[in-house]
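Read through the structure below, which is laid out as structure tokens, and then see the notes.
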Amino acid sequence: MARLATWRELHPEEDPRVEAMQFARFGSAPAWEKMKIFTGLTKVARRLALLGLRNRYPEATEQELRRHLASLLLGPELAERVYGPSMRC
């Protein structure tokens with residue numbers, strides 16, 4: 001498995017002092033605020049994934065795109081057990 005890039009590798013231009021302030025702010029945030037942030041990030045990630053799927057399957061219906069998304073999120077085997085066979089586009 002490939003190693004994931006560190007924060008520093010992904011943001012080489014970021015001032016380390018600003019980075020420290022960001023991490024301190026997030027670390028001291030209450031749980032509800034962290035959950036709100038993660039919920040927003042999850043929604044953005046799903047929207048981006050759907051945009052990619054629309055680009056890959058331009059003729060697919062919304063239902064077909066959501067089924068493709070389920071395969072991405074859950075893996076093909078679990079998505080098939082939960083939602084049935086994949087719709088071929």
Side-chain angles (χ1 to χ4, degrees):
M1 180 182 272
R3 180 183 74 78
L4 295 175
T6 65
W7 178 269
R8 172 77 16 235
E9 291 168 342
L10 291 172
H11 303 89
E13 72 290 342
E14 186 83 40
D15 184 328
R17 294 171 297 179
V18 173
E19 176 185 321
M21 289 186 325
Q22 289 172 333
F23 280 115
R25 168 67 179 97
F26 185 74
S28 66
W32 68 265
E33 190 173 352
K34 291 176 185 176
M35 290 303 297
K36 184 177 177 181
I37 291 168
F38 284 122
T39 299
L41 291 171
T42 300
K43 287 179 181 179
V44 168
R46 285 177 184 251
R47 277 190 234 136
L48 288 171
L50 279 170
L51 285 172
L53 289 168
R54 279 191 187 96
N55 190 44
R56 187 172 181 185
Y57 304 104
E59 303 299 320
T61 66
E62 284 298 312
Q63 182 181 7
E64 290 167 333
L65 290 172
R66 291 189 188 285
R67 179 58 181 83
H68 285 298
L69 181 62
S71 287
L72 287 175
L73 296 174
L74 303 174
E77 294 84 17
L78 181 55
E80 185 167 342
R81 284 181 28 207
V82 174
Y83 297 107
S86 179
M87 299 173 226
R88 303 292 173 201
C89 297

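Only heavy atoms go into these numbers, but all of them, side chains included; no hydrogens, no water, no symmetry mates. We're numbering straight along the sequence, starting at 1.
For the side chain to side chain contact (heavy atoms under 4.5 Å, CB included) test, residues two or more places apart in sequence or in another chain that qualify with Pro30 are Trp32, Glu33.
Ring geometry for His68 against Tyr57 counts as parallel: the plane angle stays under 30°, on a 0 to 90° scale with 60° as the upper cut.
Put simply, Leu65 and Leu51 are part of two different groups of oily side chains (I, L, V, M, F, W, Y) that touch within less than 4.5 Å, one to the next.
For Glu9, the CD atom is densely surrounded, since the number of other residues' heavy atoms within 6.0 Å is greater than 12. Within 6.0 Å of CZ on Arg56 lie no more than 12 heavy atoms contributed by other residues, nucleotides or ligands. Counting heavy atoms of neighbouring residues, nucleotides and ligands inside a 6.0 Å radius, atom CZ of Arg8 exceeds 12 of them.
The side-chain heavy atoms of Arg66 and Leu50, taken from C-beta on, include a pair separated by under 4.5 Å. When side chains are defined from C-beta on, Arg46 counts as touching Leu73, because their heavy atoms get closer than 4.5 Å. Contact of the Gln63 side chain with the Arg67 side chain is not registered, since no non-hydrogen atoms from C-beta on lie closer than 4.5 Å.
Nearest approach of Glu14 to Val18, heavy atoms of both residues: OE2-CG1, 3.1 Å. In terms of heavy-atom proximity, Lys34 sits nearest to Phe26 at CE-O, 3.0 Å.
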For Glu62 and Arg54, what are the C-alpha separation, side-chain angles and deciding distance, and is it a salt bridge (Lys or Arg N to Asp or Glu O under 4.0 Å)?
CA-CA 9 Å; Glu62 284 298 312; Arg54 279 191 187 96; 3.0 Å; yes

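Once rounded to the nearest 0.5 Å, the distance linking CG of Leu41 with NZ of Lys43 reads 11.5 Å.
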